[in-house]
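Have a look at the structure below before the remarks.
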Protein chains: 2
Amino acid sequence: MDGRGVVTRQAAQGKQRGATRRESGAETRRRLLEAAEELFSQEGFERVSVRDITERASANVAAINYHFGSREGLVGQVMARYINPINEERLRLLDEIEARHGDSPPPLEEVMDAFVRPFATQVSRSELSERLFFKLMARVCGDQLAELPAEVERGFETMLARFRAAFRRCLPEVPEEELTWRIHFAVGAMLHSMAHWEMLNRFSQGAAGSPTTETILNRLIQFAVAGMNQGR
Amino acid sequence: MDGRGVVTRQAAQGKQRGATRRESGAETRRRLLEAAEELFSQEGFERVSVRDITERASANVAAINYHFGSREGLVGQVMARYINPINEERLRLLDEIEARHGDSPPPLEEVMDAFVRPFATQVSRSELSERLFFKLMARVCGDQLAELPAEVERGFETMLARFRAAFRRCLPEVPEEELTWRIHFAVGAMLHSMAHWEMLNRFSQGAAGSPTTETILNRLIQFAVAGMNQGR
DNA sequence: AAGTTTTTCAATCAAGTGTTTGACAGCTGG
DNA sequence: CCAGCTGTCAAACACTTGATTGAAAAACTT
């Protein structure tokens with residue numbers, strides 16, 4: 001009677017044998033993050049318990065508190081893991097655009113592209129499926145910014161300030177307040193389509209032609225640009 | 001030592017003396033709904049416990065199960081209470097528009113107006129503040145439609161089908177799939193501005209002029225119309 | 001090799017969850 | 001007046017929640 005009925009984690013997971021213990025620590029941490037991402041994107045940050053996560057990750061309940069301090073700490077990590085790189089890439093693309101156009105204001109379409117596209121490019125970095133990734137990002141950006149980890153929130157604010165300035169240069173004749181609203185509308189269109197990516201893709205597949213992420217991205221950009229310009 | 005320290009509900013609430021017992025039942029039910037609406041709009045449907053609600057409503061914990069069968073039943077009632085009248089008003093306005101224009105397709109702007117305006121008109125029916133009302137509506141429409149009560153969901157679907165047909169007539173040259181996306185973008189813009197009404201109003205108040213609900217509504221409609229039209 | 005640090009685990013904690021119960025109060029209609 | 005609803009309430013229900021404990025195990029260091 002050594003391991004009667006009890007399946008060890010190694011056997012259940014098929015974890016490679018060569019992993020040293022120190023690697024195993026990071027491995028568990030990674031598995032927890034991955035499980036949390038999947039569950040959070042499907043159910044939302046509220047509805048998922050630490051036991052749901054540890055069970056899916058084949059880890060002990062205490063693992064989350066050991067590796068992340070608390071449930072909240074894990075949530076913060078999940079939020080930061082993709083959104084920070086995305087915000088950084090946004091700024092990088094904006095830098096390129098502004099460098100390319102020098103003193104003259106850049107085309108609105110390019111700025112909007114830099115604002116939206118990083119979600120599509122960073123999706124491949126994730127081990128999540130496209131639909132879960134977008135759902136997760138929509139939850140991170142949309143829920144309420146008060147709950148974001150301080151570091152993530154600061155990143156958001158500086159990013160938004162830069163883009164706001166860029167939009168302002170694109171649309172010099174639009175009043176400040178009006179510009180705020182238009183940006184907000186565009187963000188809403190973006191978040192909502194990410195949140196319901198799955199449903200919209202289902203619709204699209206009925207039609208002819210393959211609705212790639214790229215075409216959807218272009219549609220969103222066209223819509224947002226038209227809304228920002230408003231007939232100009 | 002009769003009521004030592006214990007404040008009765010009547011005293012705490014200042015409830016009018018003339019209310020019969022039967023009226024009191026409906027009164028409690030109303031107070032529960034009101035408390036639930038406030039808390040749900042502030043915290044979201046997940047984070048609020050039945051005890052939070054009954055405490056705020058100065059009622060017993062069992063009251064929710066007595067009056068609504070379960071917590072879920074209360075959630076359904078809260079969702080249905082405003083969203084159904086809104087969807088009905090949307091259809092009523094659309095009827096008027098289509099009657100007015102006969103066989104010729106109605107202007108896109110009018111259809112979009114009928115789609116958005118009912119939120120603004122029904123807000124006054126509510127005892128909630130404007131900002132809580134919009135927050136609540138954004139949660140109802142945005143979270144995930146899978147959880148809506150069956151009756152509410154059916155209402156949503158028939159309303160959307162009618163508006164989709166109307167938009168189709170306004171934009172006959174736009175392919176079906178493309179139209180789906182543009183409507184979705186517009187809905188996203190609408191929901192996001194409702195969810196962050198408070199923040200946006202704060203921005204606006206810094207600027208000159210009074211940012212009434214009407215002007216915000218118009219900005220949203222202009223943005224959505226421009227996005228739907230896309231330069232035409 | 002022995003000793004130290006890192007990681008895992010079952011068991012347990014206090015607090016909170018939605019719901020049910022049975023007794024009690026008050027209005028209603030006979 | 002008194003049975004019969006209707007509504008309220010404190011108490012308890014069974015269960016889940018995030019977090020902690022102390023011991024055992026594994027990995028690393030010297």
Side-chain angles (χ1 to χ4, degrees), chain A residues 2-13 15-33 35-36 39-40 43-55 57-78, chain B residues 2-13 15-33 35-36 39-40 43-55 57-78:
Chain A
D2 35 10
R4 34 156 173 56
V6 177
V7 182
T8 69
R9 202 186 68 241
Q10 293 213 358
Q13 277 281 120
K15 194 177 66 175
Q16 60 263 38
R17 200 55 52 104
T20 71
R21 188 70 179 188
R22 215 188 272 288
E23 283 163 1
S24 163
E27 235 284 304
T28 304
R29 195 188 143 93
R30 199 194 55 77
R31 275 209 322 282
L32 287 171
L33 271 173
L39 292 172
F40 285 157
E43 314 282 340
F45 290 104
E46 319 289 341
R47 268 193 284 260
V48 180
S49 71
V50 296
R51 283 170 178 82
D52 293 335
I53 299 167
T54 52
E55 195 172 337
S58 303
N60 188 271
V61 237
I64 285 183
N65 293 276
Y66 178 78
H67 284 283
F68 301 96
S70 67
R71 181 190 191 278
E72 197 186 353
L74 170 60
V75 171
Q77 286 296 310
V78 170
Chain B
D2 34 11
R4 35 157 174 53
V6 177
V7 182
T8 70
R9 202 187 69 242
Q10 294 213 356
Q13 276 282 117
K15 194 178 66 176
Q16 60 264 38
R17 201 55 54 101
T20 72
R21 189 74 179 185
R22 213 187 279 288
E23 283 163 0
S24 163
E27 235 284 303
T28 303
R29 194 186 144 94
R30 197 195 56 76
R31 274 209 324 279
L32 287 172
L33 271 173
L39 292 173
F40 286 157
E43 313 282 338
F45 290 104
E46 320 289 342
R47 268 194 282 259
V48 180
S49 72
V50 295
R51 284 173 177 80
D52 293 334
I53 299 168
T54 52
E55 194 172 336
S58 304
N60 187 271
V61 236
I64 285 182
N65 294 275
Y66 178 79
H67 285 282
F68 302 96
S70 66
R71 182 189 191 278
E72 196 186 356
L74 170 60
V75 172
Q77 286 295 310
V78 169

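Quick note on labels: first sequence line is chain A, next is B, and so on, each numbered from 1.
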Which nucleotide in the list [options] gets nearest to the side chain of [X]?
{"X": "B:V61", "options": "C:dT17, C:dT12, D:dA11", "result": "D:dA11"}
{"X": "A:S70", "options": "D:dA19, C:dT20, C:dT17", "result": "D:dA19"}
{"X": "B:R51", "options": "D:dA12, C:dA10, D:dC9", "result": "D:dA12"}
{"X": "B:A62", "options": "D:dG18, C:dT21, C:dG18", "result": "C:dT21"}
{"X": "B:Y66", "options": "D:dG7, D:dT17, C:dT6", "result": "D:dG7"}

Does [N] have OP1 or OP2 sitting under 4.0 Å from an N or O in the side chain of [X]?
{"X": "A:S49", "N": "D:dT16", "result": "no"}
{"X": "A:T28", "N": "C:dT7", "result": "no"}
{"X": "B:H67", "N": "D:dT8", "result": "yes"}
{"X": "B:N60", "N": "D:dA10", "result": "yes"}

Working to the nearest 0.5 angstrom, can you tell me the gap between [X] [atom1] and [Y] [atom2]?
{"X": "A:I64", "Y": "A:R29", "atom1": "CD1", "atom2": "CZ", "result": "11.5 Å"}
{"X": "A:H67", "Y": "A:T28", "atom1": "NE2", "atom2": "OG1", "result": "5.0 Å"}
{"X": "B:R47", "Y": "A:F45", "atom1": "CZ", "atom2": "CZ", "result": "11.0 Å"}

Rounding to an integer number of Å, can you tell me how far [X] [atom1] sits from [N] [atom2]?
{"X": "B:R47", "N": "D:dT17", "atom1": "CZ", "atom2": "C1'", "result": "15 Å"}
{"X": "B:L39", "N": "C:dT17", "atom1": "CG", "atom2": "P", "result": "12 Å"}
{"X": "A:I64", "N": "C:dT7", "atom1": "CD1", "atom2": "C1'", "result": "15 Å"}
{"X": "A:E55", "N": "D:dG18", "atom1": "CD", "atom2": "C1'", "result": "16 Å"}
{"X": "A:R71", "N": "C:dA15", "atom1": "CZ", "atom2": "P", "result": "20 Å"}
{"X": "A:R30", "N": "C:dT8", "atom1": "CZ", "atom2": "P", "result": "13 Å"}
{"X": "A:F68", "N": "D:dG18", "atom1": "CZ", "atom2": "P", "result": "15 Å"}
{"X": "A:I53", "N": "D:dG18", "atom1": "CD1", "atom2": "P", "result": "8 Å"}

So which heavy atom on [X] is nearest to which on [Y], and how close?
{"X": "A:E46", "Y": "A:R71", "result": "O-NH2, 3.8 Å"}
{"X": "A:V78", "Y": "A:L33", "result": "CG2-CD2, 3.8 Å"}
{"X": "A:L74", "Y": "A:A36", "result": "CD2-CB, 3.9 Å"}

Quiz item: Heavy atoms, side chains only, cut-off 4.5 Å: are B:F40 and B:I53 in contact?
Solution: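 Counting from C-beta outward, B:F40 and B:I53 do come under 4.5 Å.
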
Quiz prompt | Check: B:T54 and B:L32 side chains under 4.5 Å, non-hydrogen atoms | solution =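 Of all side-chain heavy-atom pairs linking B:T54 with B:L32, at least one is under 4.5 Å.
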
Quiz item: How do A:D52 and A:G69 order along DNA chain D: which one's closest nucleotide is nearer the 5' end?
Solution: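 Final value for this comparison: A:D52.
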
Exercise. Quantify the bending of the helix from C:dA1-D:dT30 to C:dG30-D:dC1 as the angle between its end axes, each fitted on five pairs, to 10°.
Key: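 Inter-axis angle at the termini of the helix from C:dA1-D:dT30 to C:dG30-D:dC1: 0°.
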
